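This one's a predicted model, so the numbers in the text were calculated from it and none came from an experiment.
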Amino acid sequence: MEDSNKTNNTEQTSGESKSLNFIELIIEEDIRTEKYGKRVHTRFPPEPNGYLHIGHAKSICLNFGLAKKYGGKCNLRFDDTNPTKEDTEYVDSIKEDVKWLGFNWDGEYYASDYFETLYEYAVTLIKKGKAYVCDLTQEEIAATRGTVTTAGSVSPYAQRSVDENIDLFARMRAGEFIDGSKVLRARIDMASPNMLMRDPILYRILHAEHHRTGNAWCIYPMYDFAHGQCDSIEHITHSICTLEFEVHRPLYEWFIQELEIYAPQQIEFARLNINYTVMSKRKLLSLVQENVVNGWDDQRMPTICGLRRRGYTPESLQNFAEIISVAKRDNVIDVSLLEHCLREDLNKKAQRIMAVLQPIKLILTNYPEDKEELLDAVNNPEDATTGTRKVPFSRELYIDQDDFMEIPQHKFFRLSPGNEVRLKSAYIIRCVDVIKNSDGSIKELHCTYDENTRTGMPESNRKVKGTIHWVSAKHAVEFEARLYDKLFLPENPEMVAEGEDFRSNLNPDSLKIITPYAEPFIKNIAVGAIVQFERTGYFCVDIDSTPKQLILNKTVGLKGAWQKTGK
RNA sequence: UGUCCGAUGGUGUAAUUGGCAACACGUUUGGUUUUGGUCCAAAAGAGUCCAGGUUCGAUUCCUGGUCGGACAACCA
């Protein structure tokens, strides 16, 4: 519009310039023109009828992030207009998740706080002749709404007088009518090409107890009649929502205009999709209800509580939201990007320890029977301030099956008969014998160690192709590891054959439970803490852990380029 | 069939007034490394949905298509 004084759509931050997303562009323009003074006030408006997922995390980061960036405010508002589906359990979980993600809201509000005001708005509309009480049944209303290509027909009740409507609406509130017998509708245009404008329902009768207002009301506003006005009441400047509400915008604007109240600006963005998972509340709920997963916080769920339990950090999620940015086109984000953000954060923070997932016994035949050593191991090579720890070493060890090949394939750098390998933070060893069980499987490996190659000794600098992790058998701590994989096999779980649904795409191997061995240090780790098992991946201590049984979730594997093929 | 919205490497997001299509993930290659991790370096990969038009010049502006998504709950 304006052709002068255009804002540059990049920002200068410490020498680097970063592109602004389309919402920031709008906001900066609004600040420049002082459309709302220089105010920026957003809000995150969930319905407390379920648990938040990573799609909500995108919205939370967006709304709170914008407020922070522009020195504005962000409210948390619960859109609790349907008492039959909502509960304080969800209110509490939502608040916990938002806080955990790292955000503090300015105002905590509920649509139900505004029920009286909303009622008055409805009365205002009635008085202007813009709303009427309709006695049509649900089926009749649906039948007379028309279709996307044909107009609907006007309700026979549309011409009731203002006085009659006022009286009827008051009696609806007073509880004189049973559920479903009457509704309040806006009088707009039954022929509108926008279905939402065909005399939409404003209020319905619901003799249901509300989790906050109790039995004070037996009529409740529809979402469409509440949402925009709530934003207006809170003087929200930018009402950011997902694309499917684009069609609702004309209706919200109609209410605002007829009511002559403060007008926020609605901006729609494309919701988040990630491959190999589903993101709809309804589908996630069905996974919970059908016990496909173990609750909303199952470690495989894309819910915020599920990700938290899996070992995701708030920082990694915030960074993810930042990187995927926001736009209006439909998108499917590669799950590898999410995992990258996680690893990037965990790599800096995670304590390293050694654990052997699939053990093979390894005996150092030239190491004294009763000898034990405490070796120094680096806690985190990315953070020198974390220092070192002691790891016990002895004659009998465990190493991982993957680190041994009797007949090494090309480019296999680990242990094989006759070859040397380095035991991390310990000695260089050579495999001299493979002892087998009667069925041909490997019973144990016999190796010799070079006593002059302990880490720190001059001889330890000798070049060896591979370094592997290990655990002293005598000191090994057994624990339970829950190995998680993607919940669905195909990239798009919605892609199914005729007659099937997304459940047919479930990955039967999304959870494997094993009992590996770890170095004793694992006993020092608190519930929720995340560690890196050297060369394997990140794991976090699950809340199911007991003093007797340590349980760790596999958060995400290390990147690992080399894969053993076959077998 | 109606209305609205969208379309840029495999994925996501950029490209200032119309001026060499950039960044990240992923992939591949090389280097460093007592994690086949991290880190460092490099490469491949799009000519911007299509067809016209305006222009010296179009991802950007115009016209017409195509494809994808949303909308017909007394859900949000």
Side-chain angles (χ1 to χ4, degrees), chain A residues 3 6-10 17-21 45-47 49-50 79-82 84-86 134 136-138 141-142 145-152 179-185 192-198 201-206 219-220 222-224 226-227 242-250 268 270 275 281-282 323-341 343-344 347-348 352 354 377-378 381-382 411-414 422-426 428 453 455 460-461 464-469 532-537 557-563:
Chain A
D3 56 2
K6 271 235 175 87
T7 42
N8 197 348
N9 83 339
T10 59
S17 71
K18 181 174 169 292
S19 298
L20 263 31
N21 63 51
E47 183 193 13
N49 70 339
D79 276 339
D80 55 351
T81 55
N82 185 354
T84 65
K85 291 189 174 175
E86 295 147 9
C134 180
L136 255 25
T137 64
Q138 189 164 171
I141 287 178
R145 186 162 0 241
T147 69
V148 289
T149 49
T150 61
D179 288 7
S181 59
K182 284 181 168 49
V183 291
L184 182 72
R185 299 177 73 177
S192 170
N194 184 343
M195 301 288 295
L196 295 167
M197 302 296 273
R198 324 247 260 225
I201 293 167
L202 271 27
Y203 268 88
R204 76 283 217 191
I205 300 169
L206 235 39
I219 57 171
Y220 292 92
M222 297 291 291
Y223 171 84
D224 276 348
H227 187 81
T242 45
L243 246 31
E244 66 266 29
F245 293 105
E246 210 155 22
V247 200
H248 297 240
R249 186 167 9 107
E268 307 88 5
N275 53 16
K281 262 191 201 176
R282 207 197 90 249
I323 286 177
I324 60 173
S325 189
V326 57
K328 294 192 74 161
R329 74 183 81 115
D330 296 328
N331 61 87
V332 183
I333 307 284
D334 237 304
V335 68
S336 65
L337 182 56
L338 212 211
E339 294 182 339
H340 166 261
C341 293
R343 291 193 190 98
E344 185 183 49
N347 178 49
K348 295 180 298 194
R352 269 61 167 175
M354 290 196 282
V378 171
E382 302 297 314
K411 288 249 192 180
F412 183 75
F413 298 155
R414 285 106 100 145
R422 183 193 304 280
L423 294 179
K424 175 95 181 170
S425 308
I428 294 172
T453 59
T455 294
S460 72
N461 293 327
V464 198
K465 272 239 190 99
T467 298
I468 65 173
H469 57 277
Q532 183 197 102
F533 289 165
E534 295 260 8
R535 306 205 312 128
T536 304
L558 253 30
K559 253 174 72 184
W562 191 85
Q563 289 300 326

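Judged by distance alone, with hydrogens and angles left aside, A:R329 brings no side-chain donor or acceptor close enough to the base of B:G69 to form a pair under 3.5 Å. For B:G26, the base has no donor-acceptor partner in the side chain of A:E339 [N/O atoms by modelled type, under 3.5 angstrom].
Of the C1' atoms belonging to B:U38 and B:A46, the separation is 31 Å, rounded to the nearest Å. Nucleotides B:A58 and B:G18, compared at atom P, are 14 Å apart to the nearest Å. Comparing B:C49 with B:G68, their C1' atoms are spaced 11 Å from each other, to the whole Å. Using C1' as the reference atom, B:U33 and B:C23 are 28 Å apart when rounded to the nearest Å.
Side-chain atoms of A:R204 never come within 3.5 Å of backbone atoms of A:D179 as a donor-acceptor pair (strictly under, hydrogens ignored). Judged by distance alone, with hydrogens and angles left aside, the side-chain atoms of A:E344 form no donor-acceptor pair with the main-chain N or O of A:H340 at under 3.5 Å.
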For the pair A:K281 and A:N49, evaluate side-chain contact (heavy atoms from CB on, under 4.5 Å) and give the outcome as yes or no after the intermediate values.
CA-CA 9 Å; A:K281 262 191 201 176; A:N49 70 339; 2.6 Å; yes
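Nearest nucleotide to the side chain of A:K559, out of B:U35, B:C4, B:G37: B:G37.
Across the interface with RNA chain B, nearest-nucleotide mapping of A:R249 and A:T149 shows A:T149 to be the residue nearer the 5′ end. For the pair A:E534 and A:D334, both in contact range of RNA chain B, the more 5′-proximal nearest nucleotide belongs to A:D334.
Between A:E268 and A:R249 there is a salt bridge, since at least one side-chain N of the basic residue sits less than 4.0 Å from a carboxylate O of the acidic one.
Neither side chain, A:N194 nor A:S192, offers a donor N or O lying under 3.5 Å from an acceptor on the other.
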When you check every protein heavy atom under 4.0 Å of nucleotides 70-76 of chain B, what one-letter string (B, S, -) results, 5' to 3'?
S-BSBSB
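What separates CG of A:L337 from C1' of B:A24 is a distance of 7 Å, to the nearest Å.
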